[in-house]
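Read the structure below first, then the notes.
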Amino acid sequence: MPAAAPSVSRCCHDCERPVGGTASRCASCRSLRLKPDRAYRREIADALFPPAARAALLGRIASGEHISDVCADLGISVHRARSYAAYAPAWGRALDLALTAGRDPDLDHGTAMAYRHGRCRCPECRAAKRATRP
């Protein structure tokens with residue numbers, strides 16, 4: 001039977017209090033860092049996905065272009081376009097409105113088939129796709 005690994009005492013990076021598990025900061029220091037860390041991540045997101053690119057993306061999607069084609073043209077990933085809503089909830093709503101405005105009227109929206117074969121990414125088709133997951 002192999003010997004157990006020795007217990008390593010860890011201390012908080014900020015206040016030097018002992019912390020348990022794999023955390024690098026104690027709970028009080030982590031809570032103090034939430035706002036600055038979120039602001040820092042928002043700055044990075046804004047730099048990687050500037051307002052001009054966001055406006056161009058919304059306009060082209062609302063005119064009927066597919067989100068993945070527009071993102072490829074703008075040099076961003078679809079994930080970046082979608083995940084920006086974590087920092088700006090209004091962006092998520094605006095993107096959904098653009099996807100709804102630019103969707104193909106010939107498709108039967110709200111079905112997994114429209115999502116898969118029609119490449120529709122409107123909120124109704126995304127919801128239908130999520131409903132088919134086990």
Side-chain angles (χ1 to χ4, degrees):
M1 202 160 113
S7 175
V8 177
S9 177
R10 298 175 62 101
C11 292
C12 176
H13 285 284
D14 296 329
C15 68
E16 300 298 322
R17 285 185 280 198
V19 295
T22 60
S24 61
R25 289 186 172 79
C26 66
S28 61
C29 290
R30 279 195 311 266
S31 67
L32 291 174
R33 289 190 55 95
L34 287 177
K35 277 189 176 182
D37 284 352
R38 186 163 176 83
Y40 175 71
R41 288 191 301 271
R42 171 71 187 259
E43 287 176 23
I44 292 171
D46 285 338
L48 293 173
F49 191 29
R54 294 193 300 263
L57 181 77
L58 289 178
R60 289 176 63 184
I61 289 173
S63 70
E65 291 186 60
H66 193 270
I67 186 170
S68 61
D69 299 334
V70 176
C71 286
D73 288 348
L74 294 174
I76 61 168
S77 67
V78 174
H79 177 73
R80 178 162 318 283
R82 284 227 158 268
S83 64
Y84 188 77
Y87 302 105
W91 164 254
R93 291 187 296 275
L95 183 58
D96 281 344
L97 287 173
L99 287 165
T100 302
R103 66 186 186 180
D104 184 356
D106 296 332
L107 292 176
D108 183 20
H109 294 280
T111 64
M113 294 302 284
Y115 181 94
R116 182 172 181 176
H117 298 293
R119 295 179 66 209
C120 184
R121 298 301 183 260
C122 73
E124 292 85 9
C125 292
R126 286 195 325 268
K129 173 64 175 167
R130 276 192 304 273
T132 63
R133 292 183 185 159

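Remember, predicted model here, so these are calculated numbers, not experimental data.
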Determine whether F49 and Y87 make a side-chain contact, defined as any pair of heavy atoms from C-beta on separated by less than 4.5 Å.
no
Within the structure provided, determine whether E124 and L99 are in side-chain contact (heavy-atom separation under 4.5 Å).
no
Main-chain N/O of R25 paired to R30 side chain as donor or acceptor, under 3.5 Å
yes
Do W91 and L48 share a hydrophobic cluster (ILVMFWY, side-chain heavy atoms under 4.5 Å, transitive)?
no
Taking R121 for the side chain and Y115 for the main chain, is one N or O donor matched with an acceptor at less than 3.5 Å?
yes
Side-chain donor-acceptor distances from residues 68-75 under 3.5 Å, at least two apart:
from : atom 1 : to   : atom 2 : distance (Å)
S68  : OG     : H66  : ND1    : 2.8
S68  : OG     : R119 : NH2    : 2.9
D73  : OD2    : R60  : NH2    : 2.6

Please indicate whether H79 has more than 12 foreign heavy atoms, meaning atoms of other residues, nucleotides or ligands, lying under 6.0 Å from its NE2.
no
Enter the distance from C122:SG to H109:NE2 here, rounded to the nearest 0.5 Å.
5.5 Å
Rounding to 0.5 Å, atoms SG (C26) and CD (E16) come to a distance of 10.5 Å
Would a single hydrophobic cluster contain both L57 and L97, if residues Ile, Leu, Val, Met, Phe, Trp and Tyr are joined by side-chain heavy-atom contacts under 4.5 Å?
no
A114 and D108: which non-hydrogen atoms are nearest, and at how many Å?
CB-O, 3.5 Å
Around R41, counting heavy atoms of other residues, nucleotides and ligands shown, do more than 12 lie under 6.0 Å from its CZ?
yes
Decide whether I61 and I76 are clustered together by the hydrophobic rule: side chain heavy atoms of Ile, Leu, Val, Met, Phe, Trp, Tyr closer than 4.5 Å, transitively.
yes
Between atom SG of C29 and atom CZ of R17, what is the distance when rounded to the nearest 0.5 Å?
5.5 Å
Which heavy atom of R38 sits nearest a heavy atom of A86, and at what distance?
NH2-O, 2.6 Å
Are any non-hydrogen side-chain atoms of Y84 and R42 less than 4.5 angstrom apart?
yes
Taking all non-hydrogen atoms of both residues, which atom of L58 and which atom of A94 are closest, and how far apart?
CD2-O, 3.7 Å
Does R82 reach the side chain of R126, with side-chain heavy atoms less than 4.5 Å apart?
yes
Heavy-atom closest pair (A47 atom, P50 atom, distance to 0.1 Å) is O-CD, 3.9 Å
Within-4.5 Å side-chain heavy-atom neighbours: P89 and R93
yes
Shortest non-hydrogen contact from A81 to L95?
O-CD2, 4.0 Å
Do V19 and S24 touch side chain to side chain, with heavy atoms closer than 4.5 Å?
no
